[in-house]
Amino acid sequence: MIMATTLQLTTDFSKPIIVVKPSLEFASTPRHCRTYLSLPRFNNITRASSSDSSLVSRRHFVSETAALSLTLTTLPLFGSVQPAKSEEPALSEWEKVSLPIDPGVVLLDIAFVPEDPKHGFLLGTRQTILETKDGGDTWVARSIPSAEDEDFNYRFNSISFKGNEGWIVGKPAILLHTSDSGNSWERIPLSSQLPGDMVYIKATGEKSAEMVTDEGAIYITSNRGYNWKAAVQETVSATLNRTVSSGISGASYYTGTFNSVNRSPDGNYVAVSSRGNFYLTWEPGQPFWQPHNRTVARRIQNMGWRADGGLWLLVRGGGLYLSKGTGLTEEFEEVPVQSRGFGILDVGYRSKDEAWAAGGSGILLRTTNGGKTWTRDKAADNIAANLYSVKFIDDSTGFVLGNDGVLLRYLG
């Protein structure tokens, strides 16, 4: 099927206004619970007679007395309170942030206002939007009236800022826009003919953005969302139906949606099919998505871009692969990682050399040589959550997003 090259979206904007004191009691101890202290005995002290010139040695008496004093000092008194140890050891590079949300919320995306680096927003399931104005130390729930008019429980998938202008997309289909750093948000109507659910949005300039659906539709606007122009001529399902005889393994079983999609700073995309049996790429100017066979035995979990322009690839079961060279390629080599059999779900680069990988059951891995070797942050093993996403805003600001409302903040 061929998609219209331009979507005319009617808009009727309204401007919503965002509006026991402790005590210790030493009761008598039951007989069976009493502790008896074994004190040193003065075995060598004898009673002196008036006629005996061999009196107890003063030096020996002093030493025995000192031993008794030391024993009484070092033995704890019955009923003394010992300081409790923390159940969760502090993470070496990360700290867990307390959030005012229900435990079942899955965190999905985070972004900060470039003009105000301390001001950011955190998105999740169950209509979750949180706001911070101190760089992520504390968060408060944010209510947007235009997103609460209907009886929908929105899943907010993606957020992006450029200057003071920001965008949010979610499921069921919802698009929010702000031009004042998120102080107020307006809802932009969308066509009912939009193929698929919106899973990603990128602010690209003044009044401009790029939006992607899970069926491979890419739309571009340059007038604050009044009109959207299609950047590809057809959905991924249509492309695969045309090219099923081209040798793409698994294409005939394709369900028509993405499992994940990631964009490079240059505007190139890489996406993983919902079954994980192949992946697709798209570069600006191409009319269709380009499908690629996977070159690894296990199914693909996620793919993304390295800081040097190459690709990383994660497979189900905890495997990590890096592409040879930079740019789009089908040649990958495996890198040994200590995943303990849990799946690795995302990789985020802090710099060209340093990156962090996160996954199931609190897995956190770090590399300082561009991905050649990885070490596990064992302190994170006690986190009872799956870690889905690693986001570095800059080299000093980073976050890991997980389920059950788990948010980790990078300490550096």
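Just so it is clear, the model here is predicted, and its values are computed rather than measured. The chain is numbered in sequence order, starting from 1.
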Undergrad: Could you please spell out the steps behind the side chain to side chain donor-acceptor pair (under 3.5 Å) verdict for Asn302 and Ser260?
TA: CA-CA 6 Å; Asn302 195 6; Ser260 66; 2.8 Å; yes
Undergrad: May I ask you to decide whether Glu165 forms a salt bridge with Lys207, counting only side-chain N to carboxylate O separations under 4.0 Å?
TA: no
Undergrad: Any sub-3.5 Å donor-acceptor pair from Asn259's side-chain atoms to Gln301's backbone N or O?
TA: yes
Undergrad: Would you mind telling me which of Trp94, Trp312, Tyr349 makes a ring pair (Phe, Tyr, Trp, His ring centres under 6.0 Å) with Trp356?
TA: Trp94
Undergrad: Quick one, Lys133 with Asp116, criterion salt bridge (Lys or Arg N to Asp or Glu O under 4.0 Å). Give me CA distance, side-chain angles, the key distance, then yes/no.
TA: CA-CA 9 Å; Lys133 293 187 177 181; Asp116 184 5; over 6 Å; no
Undergrad: Students often mix this up, so state it plainly: with edges at 30° and 60°, are the rings of Tyr279 and His292 parallel, tilted or perpendicular?
TA: parallel
Undergrad: Let's go through Tyr388 and Asn403 carefully: what are the C-alpha distance in whole Å and the side-chain angles of both, what is the deciding distance for side-chain contact (heavy atoms from CB on, under 4.5 Å) to 0.1 Å, and is it a yes or a no?
TA: CA-CA 7 Å; Tyr388 290 115; Asn403 67 338; 3.6 Å; yes
Undergrad: Grab the two heavy atoms, one from Ile159 and one from Trp185, that are nearest each other, plus how far apart they are.
TA: CD1-CH2, 4.4 Å
Undergrad: If we only count heavy atoms from C-beta on, is the Asn277 to Arg294 side-chain gap below 4.5 Å?
TA: yes
Undergrad: Could you check if a side-chain atom of Arg187 sits within less than 4.5 angstrom of a side-chain atom of Ile174, using non-hydrogen atoms only?
TA: yes
Undergrad: Using every non-hydrogen atom in the two residues, find where Thr367 and Thr373 come nearest and quote the distance to one decimal.
TA: OG1-O, 2.9 Å
Undergrad: When you measure from the side chain of Arg142 to the backbone of Gly182, do you find a donor-acceptor pair of N or O atoms at a distance under 3.5 Å?
TA: yes
Undergrad: Taking CD in Glu206 as the centre, count heavy atoms belonging to other residues, nucleotides or ligands within less than 6.0 Å. Is the count above 12?
TA: no
Undergrad: Within a strict 4.5 Å, meaning less than it, do heavy atoms of the Phe156 and Thr128 side chains meet?
TA: no
Undergrad: Does some side-chain heavy atom of Lys324 sit less than 4.5 Å from a side-chain heavy atom of Thr329?
TA: no
Undergrad: What do the steps show when you test Thr281 against Gln290 for side chain to side chain donor-acceptor pair (under 3.5 Å), and what is the final call?
TA: CA-CA 5 Å; Thr281 59; Gln290 306 299 314; over 6 Å; no
Undergrad: Looking at Tyr219, Tyr269, Trp228, which one forms a side chain to side chain donor-acceptor pair (under 3.5 Å) with Glu210?
TA: Tyr269
Undergrad: Over 60° means perpendicular and under 30° means parallel, so tell me whether Phe121 and His119 are parallel, tilted or perpendicular.
TA: tilted
Undergrad: Kindly indicate, with the supporting measurements, whether the criterion side chain to side chain donor-acceptor pair (under 3.5 Å) is fulfilled by Ser396 and Asp394.
TA: CA-CA 5 Å; Ser396 61; Asp394 52 45; 3.0 Å; yes
Undergrad: Just checking Phe399 against Phe112, ring centres under 6.0 Å apart?
TA: yes
Undergrad: Should Asn369 and Asp353 be marked as a side-chain contact (heavy atoms from CB on, under 4.5 Å) after you check the CA-CA gap, both sets of side-chain angles, and the distance that decides it?
TA: CA-CA 5 Å; Asn369 54 15; Asp353 295 323; 5.9 Å; no
Undergrad: Is any NZ, NE, NH1 or NH2 atom of the basic residue among Lys391 and Asp346 found under 4.0 Å from an Asp or Glu carboxylate oxygen of the other?
TA: no
Undergrad: Would you check if Asn153 and Arg126 make a side-chain contact, meaning some heavy-atom pair closer than 4.5 Å?
TA: yes
Undergrad: Yes or no on side-chain contact (heavy atoms from CB on, under 4.5 Å) for Glu283 and Asp266, after CA distance, side-chain angles and deciding distance?
TA: CA-CA 9 Å; Glu283 299 180 24; Asp266 298 332; over 6 Å; no
Undergrad: Please report the shortest heavy-atom distance between Val347 and Ala357, naming the atom on each side.
TA: CG2-CB, 4.0 Å
Undergrad: Mind listing the closest non-hydrogen atom pair of Ile188 and Arg224 along with its distance?
TA: CD1-O, 3.3 Å
Undergrad: So does Leu108 get a backbone contact from the side chain of Arg155, meaning a donor-acceptor N/O pair under 3.5 Å?
TA: no
Undergrad: Looking at Val140, Ile101, Val105, Leu123, which hits side chain to side chain contact (heavy atoms under 4.5 Å, CB included) with Leu130?
TA: Ile101
